[in-house]
Amino acid sequence: MSFMTEENRIEKIIDVCLRRGFVNQSAEIYGGSSGFFDLGPLGTLMRQKLVDFWRQLFVLDNDNIFEIDGSLLLPESVFKASGHLDSFEDPLIQCKSCKSMYRADHIIAQNTGISAEGLSLEELDKIVEENKIVCPSCKGELDKARQFNLMFSTGIGPVSGNKGYLRPETAQNIFVNFKRYASFMRNKLPFGIAQVGKSFRNEISPRNFLIRVREFEQMEIEMFFDPEMANKFSLFDFVEDVEINIVTKEMQEKEWSKPLSMSVKDAVEKRIIPNQVMGYFIAMESEMLQALGIPKESFWFRFMLPHETPHYSGGNLDLEVKLSIGNVEIIGNAYRTDYDLKKHQKASKSTFTIVSNNKKVLPHVVEPSMGVGRILYTILEYCYREDESRTWSWFKFPASIAPIEIAVFPLMKKDGLAEYAQDLHLDLKDAGFVSFYDDSGKIGKRYARADEIGILYCITVDYESLEKDTVTIRDRDSTKQARVPIEDLEDVLDALLEEELTFEELLENQKNN
RNA sequence: GCACGAGUAGUCUAAUGGUAGGACCGUAGACUCCCAUUCUACAAAUCCGGGUUCAAUUCCCGGCUCGUGCACCA
């Protein structure tokens with residue numbers, strides 16, 4: 001694992017991603033645009049598997065969570081009510097001589113202690129002038145403040161003034177149509193509304209490949225509940241013993257080197273996690289990442305400090321993972337209380353209360369939100385392998401995420417081997433396997449190509465296949481081979497991919513026969 | 001957004017004020033009874049725009065993209 005800290009790890013990942021069709025920049029032939037990426041053929045297969053995996057775990061397995069698909073472009077009124085129009089708009093101020101940029105309210109707070117949040121541009125300029133605030137780095141004169149909004153705006157229809165914005169988070173679709181979804185759920189708490197989709201933020205400076213981008217996909221759930229029932233969440237019982245890594249608020253007051261390990265039950269009881277609703281999702285997230293090939297010791301849940309969360313937060317915990325480029329948030333868990341429903345209720349003059357325990361309540365909401373691109377990148381980094389015995393790199397993807405699971409090769413193209421292998425490949429595809437056929441060049445090269453994109457098992461048709469109807473299965477991780485009869489092949493592959501059978505066991509069975 | 005650096009086939013890279021050479025990958029074929037390493041052939045590039053010049057991939061300016069640092073990350 002020593003190469004984990006290699007500085008150029010991200011470059012190696014990017015190189016494979018480009019060469020083998022995982023990810024490429026959008027509109028590349030025109031120079032592209034910073035912070036926008038297209039998933040290629042393999043990236044799309046992986047994304048599909050990731051979303052399916054999440055959907056099975058968080059949506060389909062739960063009777064009271066359903067998925068919706070909301071529109072990406074929403075009218076201005078939504079973001080006026082949600083607060084994004086104000087809070088997403090940062091006043092920036094620039095030094096006239098050295099051109100450095102600062103947050104106007106930050107620079108004022110540093111110099112005067114005045115809390116300048118939410119002031120108009122004129123008010124900000126006035127404070128800067130009156131207090132003779134200069135550039136912190138070169139003492140130069142500061143220019144006038146101007147607004148920078150992180151939302152992409154556009155006009156809807158031919159009528160000017162009908163403004164719309166690309167959503168900066170998927171959540172708002174769910175809040176604004178809350179009544180519809182509550183009614184669909186027969187107004188019975190708790191219930192969850194899930195959504196997978198794109199969100200957009202006009203980041204000042206996109207960085208680090210898939211990590212800081214302007215268009216990104218989220219997998220998100222808004223879990224609504226009666227606040228009095230926050231610690232009587234029945235799903236929690238299934239996960240309360242799950243051990244998670246956690247970084248508390250207190251730990252962050254000093255230098256911390258290692259997260260604590262404790263059960264989610266303890267974490268909720270000690271109020272490190274705000275309630276059982278969030279505890280459930282945190283436990284599930286921890287299990288999900290491990291199933292996707294990310295080792296448990298590489299990630300933790302960090303309690304967000306007050307300055308990192310909105311004022312209405314009832315406690316947020318980010319899932320952070322150690323990557324070659326530093327610690328990165330890949331999942332956010334937010335206890336948004338009733339803030340969003342309250343805001344939209346007021347602005348739209350709607351009523352969002354629900355009867356629970358014979359009284360009217362405005363539901364609270366816990367929001368687990370995952371970045372698809374960030375999780376995919378994390379999987380790529382943790383599955384990437386270089387070792388002594390191979391001159392090529394490979395991905396140790398678990399079957400749950402591997403874009404292609406199996407490949408079928410004829411040992412050589414002649415003597416009917418290719419035809420035999422083709423037929424086998426088609427049969428396996430019919431049986432539902434994600435299979436890839438290749439007969440070009442030599443067999444070793446094909447194994448290498450398969451390893452490089454993380455194909456788990458390569459099935460090779462050789463002369464013995466023609467005589468005895470047996471084929472070899474090559475294991476990506478060990479490069480060892482086992483021979484199995486064709487009639488057992490599908491069952492064996494199923495068992496291997498479902499991890500009901502290890503390759504070592506398959507080799508053992510063979511010896512005994 | 002700012003500063004500095006960089007931008008040549010899919011990838012890595014060489015060279016040059018007279019439009020580019022290699023390696024790997026790829027494709028086709030030969031060879032080949034199991035791990036990219038044989039042989040032949042083929043395909044593929046100077047980020048975009050402007051300027052200087054007889055001539056620019058090369059020099060200058062602007063843009064775009066990438067990297068690093070700063071700032072930002074509701």
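Only a predicted model underlies this, so the values are computations on that prediction, with no experimental measurement involved. Throughout, protein chains are lettered first and strands after them, A, B, ... in sequence-line order, and every chain is numbered starting at 1.
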Grab the N/O contacts between the protein and nucleotides 36-44 of chain B below 3.5 Å, and write none if there aren't any.
{"from": "B:A36", "atom 1": "O4'", "to": "A:Lys445", "atom 2": "N", "distance (Å)": "3.3"}

ring-ring contact (aromatic ring centres under 6.0 Å, His included) against [X], all qualifying residues, sequence neighbours excluded:
| X | result |
| --- | --- |
| A:Tyr339 | A:His311, A:Tyr312 |
| A:Tyr447 | A:Phe409 |
| A:Phe397 | A:Phe395 |
| A:Phe301 | none |

With sequence neighbours left out, write down each residue that passes side-chain contact (heavy atoms from CB on, under 4.5 Å) with [X], or none if nothing qualifies.
| X | result |
| --- | --- |
| A:Asp451 | A:Arg390, A:Trp392, A:Trp394, A:Arg474, A:Arg476 |
| A:Glu215 | A:Phe36, A:Lys198, A:Phe200 |
| A:Asp415 | A:Tyr463 |
| A:Phe209 | A:Ile10, A:Ile14, A:Cys17, A:Val23, A:Phe37, A:Tyr377 |

Set out, line by line, the N/O atom pairs under 3.5 Å between protein and nucleotides 60-66 of chain B.
{"from": "B:C64", "atom 1": "O2'", "to": "A:Gly31", "atom 2": "O", "distance (Å)": "3.4"}
{"from": "B:U65", "atom 1": "OP1", "to": "A:Ser34", "atom 2": "N", "distance (Å)": "2.8"}
{"from": "B:U65", "atom 1": "O4'", "to": "A:Gly31", "atom 2": "O", "distance (Å)": "3.3"}
{"from": "B:U65", "atom 1": "O3'", "to": "A:Gln25", "atom 2": "NE2", "distance (Å)": "3.0"}
{"from": "B:C66", "atom 1": "OP1", "to": "A:Ser34", "atom 2": "OG", "distance (Å)": "3.4"}
{"from": "B:C66", "atom 1": "OP2", "to": "A:Ser34", "atom 2": "OG", "distance (Å)": "2.8"}

Identify whether any heavy atom of A:Arg390 sits under 4.0 Å from a base atom; if not, whether one sits that close to sugar-phosphate; answer base, sugar-phosphate or nothing.
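Since no nucleic acid heavy atom lies under 4.0 Å of A:Arg390, the category is nothing.
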Of the listed nucleotides B:U32, B:C72, B:U11, the one nearest the side chain of A:Lys414
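Nearest nucleotide to the side chain: B:U32.
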Please give the nucleotide sitting opposite B:G67 as a Watson-Crick or G-U wobble pair, both distances under 3.5 Å, or none.
B:C4
Regarding A:Glu169 and A:Arg336, does a basic nitrogen lie under 4.0 Å from an acidic carboxylate oxygen?
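Counted as a salt bridge, because a side-chain N and a carboxylate O are separated by less than 4.0 Å.
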Heavy atoms within less than 4.0 Å of RNA chain B: which residues of residues 461-481 of chain A have one? Give them sorted by number.
A:Asp462, A:Tyr463, A:Thr472, A:Arg474, A:Thr479, A:Gln481
Are A:Lys413 and B:G29 close enough that a side-chain N or O sits under 4.0 Å from OP1 or OP2?
yes
Name the residue closer to the 5' end of RNA chain B, choosing between A:Arg207 and A:Met412 according to the nucleotide with the nearest heavy atom.
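Closest to the 5' end, via its nearest nucleotide, is A:Met412.
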Most 5' of A:Ile325 and A:Glu203 on RNA chain B, judged by nearest nucleotide
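Closest to the 5' end, via its nearest nucleotide, is A:Ile325.
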Can you list the residues that meet the salt bridge (charged side-chain N to carboxylate O under 4.0 Å, His left out) rule with A:Asp439, with sequence neighbours excluded?
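Scan of A:Asp439 (salt bridge (charged side-chain N to carboxylate O under 4.0 Å, His left out), adjacent residues dropped) gives none.
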